[in-house]
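In this text the structure is predicted, and so the values were computed from the model without any measurement.
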Amino acid sequence: MAGFAGRLARCWYSGFLRSPLQVPALGLHVGGPAMQTSQKDFNNAVSQLKLLKEDPGNEVKLKLYALYKQATEGPCNVPKPGMLDFINKTKWDAWNALGSLSKEAARQNYVDLVSKLSASSESPSPEAPAADRKQPESDSLVVTSGDGITTIRLNRPTKKNALTTQVTPSARESILLVLSRLFHSKTMYHDIIAALQAASKDESPITVLTGSGDYFCSGNDLTNFTSLPAGGPEEMARSSAVLLRDFVNCFIDFPKPLVAVVNGPAVGISVTILGLFDVVYATDRATFHTPFSHLGQSPEGCSSYTFPKIMGSSKAAEMLLFGKKLTAQEACAQGLVTEVFPDSTFQKEVWARLKAYSKLPPNAMRISKQIIRDREKEKLHAVNAEESNVLRERWLSDECMNAIASFLSRKSKL
Ligand SMILES: CCCCCC/C=C/C(=O)SCCNC(=O)CCNC(=O)[C@H](O)C(C)(C)COP(=O)(O)OP(=O)(O)OC[C@H]1O[C@@H](n2cnc3c(N)ncnc32)[C@H](O)[C@@H]1OP(=O)(O)O
């Protein structure tokens, strides 16, 4: 265990250095094509940023701020704000972290980041349900209700919608609220739990989970494992197992039709929970990947039970033991996906269909779901508890730690 804790601490304190040509905290290039960005490109990017349709989130805004300062004023040369000046100190830290990055390289990184954001900031599809009600949210989760559908949208497109356990305050929240959320450890997982609990009681007959940008979700955010609590790795594994169990329980118990609109590739827990959905619509661009062995981990989301039941034990084993990535068509043939749509018409067709379904009598749909699912619930809760316990041990294993360290040091990607 000492080896594990030591390795984790070393990774954490070294900031998961990626390559000598990158500024570790922000993953920015300091050499290469930087000289090619003109002042005009930079000015264009500044204007382009104002046209973004989606708020990119605090983390990205901080990156943009730091790059802008570096590009326009050079290395940070102002005194560090006091400890209690929380916001200005955070901004100063981000700028200061850029060190001696040249103005030209900062301009290039700024332009690259804005163009990446513009590409992934999809305008909402005209076919998506009208949002007549928007619930309180963090930036990384957007919940809207309209046309009889409550839509829970994972909204960290620049991180492929990875599910983070870091506190993700809304840009609109006050500093006091940020501090209170830090205290209560509210995370994207908690936000999804809260959104599902609210949706289970709201008036929309149908609830949808989907993602922003090109991915549905890249699974658990692997950097979650780098924020060690005071109790060390054991406490981290224990609290993560509790959070995982609570998270999956919400899907098991969800009382209304629950539909996944899989808008792109899905990884890890975002694939396994699909076995708990009533209907799964996927774009033909989607893939389904559960690389648990690669990560030294084990199945969750009740997939050790639902996958063999859905696709047979040997197909399930190929996914869950060997991490075979399925195309959307394969996932459909194996029963994990209900129907696959061409990417070009995906949003239009799926939302039109869901809007029509949402007009069906809501109580009849609820009761039918109850009859279909209820006899399985006890079993699913037991499976969820067991999977969470097994994972708690796995997260403390060398196999798991090495795999995560390898991803974070950019040696491996799926
Ligand atoms: C309470 C805890 C419950 C835990 C439950 C157990 C859950 C288990 C799982 O979900 S296992 C699956 C974990 N996921 C992964 O292993 C995926 C890791 N990501 C990748 O391999 C790749 O990022 C990719 C294949 C998803 C996409 O590759 P690519 O198209 O080349 O994009 P980038 O890699 O450049 O990604 C952009 C940006 O996003 C960051 N990112 C993406 N996914 C994750 C992730 N899962 N965790 C952390 N970060 C992720 C990636 O690092 C890039 O960040 P950067 O721009 O470099 O800062």
Side-chain angles (χ1 to χ4, degrees), residues 52-54 56 115-129 140-142 144 149 151-163 188 192 206-222 258-292 294 301 303 307 310-311 315 318-320 322-355 357 407 412-414:
L52 281 188
K53 295 193 175 81
E54 278 170 12
S115 85
K116 202 168 154 191
L117 289 171
S118 303
S120 62
S121 167
E122 281 182 343
S123 52
S125 155
E127 289 74 28
S140 51
L141 196 73
V142 178
T144 50
I149 303 167
T151 304
I152 302 172
R153 184 180 294 274
L154 308 173
N155 190 39
R156 285 182 85 209
T158 56
K159 297 286 177 188
K160 310 293 182 194
N161 297 325
L163 300 176
M188 206 169 161
I192 296 171
I206 292 181
T207 303
V208 167
L209 181 71
T210 191
S212 294
D214 61 342
Y215 257 65
F216 176 58
C217 173
S218 63
N220 188 40
D221 189 314
L222 295 175
L258 184 59
V259 179
V261 172
V262 183
N263 56 298
V267 185
I269 191 164
S270 71
V271 177
T272 57
I273 53 168
L274 295 178
L276 300 171
F277 279 67
D278 301 300
V279 165
V280 178
Y281 293 140
T283 158
D284 58 10
R285 240 181 3 87
T287 51
F288 298 82
H289 195 188
T290 48
F292 299 126
H294 299 69
S303 58
F307 278 25
I310 290 169
M311 58 186 80
K315 292 286 185 194
E318 215 180 2
M319 279 191 87
L320 297 175
F322 300 145
K324 183 180 179 197
K325 191 197 283 185
L326 301 190
T327 62
Q329 294 297 355
E330 286 167 338
C332 190
Q334 289 174 22
L336 185 62
V337 165
T338 314
E339 192 169 333
V340 180
F341 299 80
D343 195 53
S344 54
T345 55
F346 177 61
Q347 298 287 344
K348 189 174 170 197
E349 288 194 58
V350 162
W351 292 112
R353 192 176 301 183
L354 290 175
K355 274 185 216 171
Y357 288 160
F407 171 77
S412 75
K413 202 180 261 198
L414 295 172

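Counting only heavy atoms from C-beta outward, the side chains of D221 and M188 never approach each other to under 4.5 Å. Using a 4.5 Å heavy-atom threshold, the side chains of L336 and V280 count as separate. In this structure, the side chains of V262 and F277 stay at 4.5 Å or more apart for every pair of heavy atoms. Residues R353 and F341 meet the side-chain proximity criterion, which asks for heavy atoms closer than 4.5 Å. Using a 4.5 Å heavy-atom threshold, the side chains of F216 and L209 count as touching. Between V267 and Y215, some side-chain heavy-atom pair lies under the 4.5 Å cut-off. Side chains of I192 and L154 form a contact here, defined as non-hydrogen atoms less than 4.5 Å apart. Side-chain contact between Y281 and V208 is absent, with no heavy-atom pair separated by less than 4.5 Å.
Looking at every heavy atom in both residues, G219 comes nearest to S270 through N-OG, 4.3 Å. The heavy-atom pair separating N155 from L141 by the smallest distance is CB-N, 4.3 Å. Of all non-hydrogen atoms in L274 and F288, the two that sit nearest each other are CD1-CE2, 3.6 Å. The two residues P157 and S212 come nearest to each other via the heavy atoms CB-O, 3.8 Å.
Here I152 contributes atom CD1 and L258 contributes atom CG; the two are 7.5 Å apart, rounded to the nearest 0.5 Å. The distance from the OG atom of S303 to the CD1 atom of I273 is 10.5 Å, given to the nearest 0.5 Å. Rounded to the nearest 0.5 Å, atoms SG (C217) and CZ (R156) are 9.5 Å apart. For the atom pair CG of L320 and OG1 of T290, the computed distance is 5.0 Å after rounding to the nearest 0.5 Å. Once rounded to the nearest 0.5 Å, the distance linking OG1 of T272 with CZ of F292 reads 5.0 Å. Between atom OG1 of residue T210 and atom CH2 of residue W351 there is a gap of 6.0 Å, rounded to the nearest 0.5 Å.
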CA sep, side-chain torsions, deciding dist, call: I310, Q334, side-chain contact (heavy atoms from CB on, under 4.5 Å)
CA-CA 7 Å; I310 290 169; Q334 289 174 22; 6.0 Å; no
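At distances below 3.5 Å, not a single donor-acceptor pair connects side-chain atoms of T287 with backbone N or O atoms of K325. In terms of modelled atom types and a separation under 3.5 Å, the side chain of R153 and the main chain of T144 share no donor-acceptor contact. Side-chain N or O atoms of T283 include none that pairs as donor or acceptor with a backbone N or O of F346 at under 3.5 Å. Checking side-chain atoms of T345 against main-chain N and O of K348 turns up no donor-acceptor pair under 3.5 Å. Here the side chain of R285 pairs a donor or acceptor atom with the backbone of N263 at under 3.5 angstrom. In this structure, D284 contributes its side chain and D343 its backbone to a donor-acceptor pair below 3.5 Å.
Among H289, M319, E318, the one residue that satisfies the side-chain contact (heavy atoms from CB on, under 4.5 Å) test with L326 is M319.
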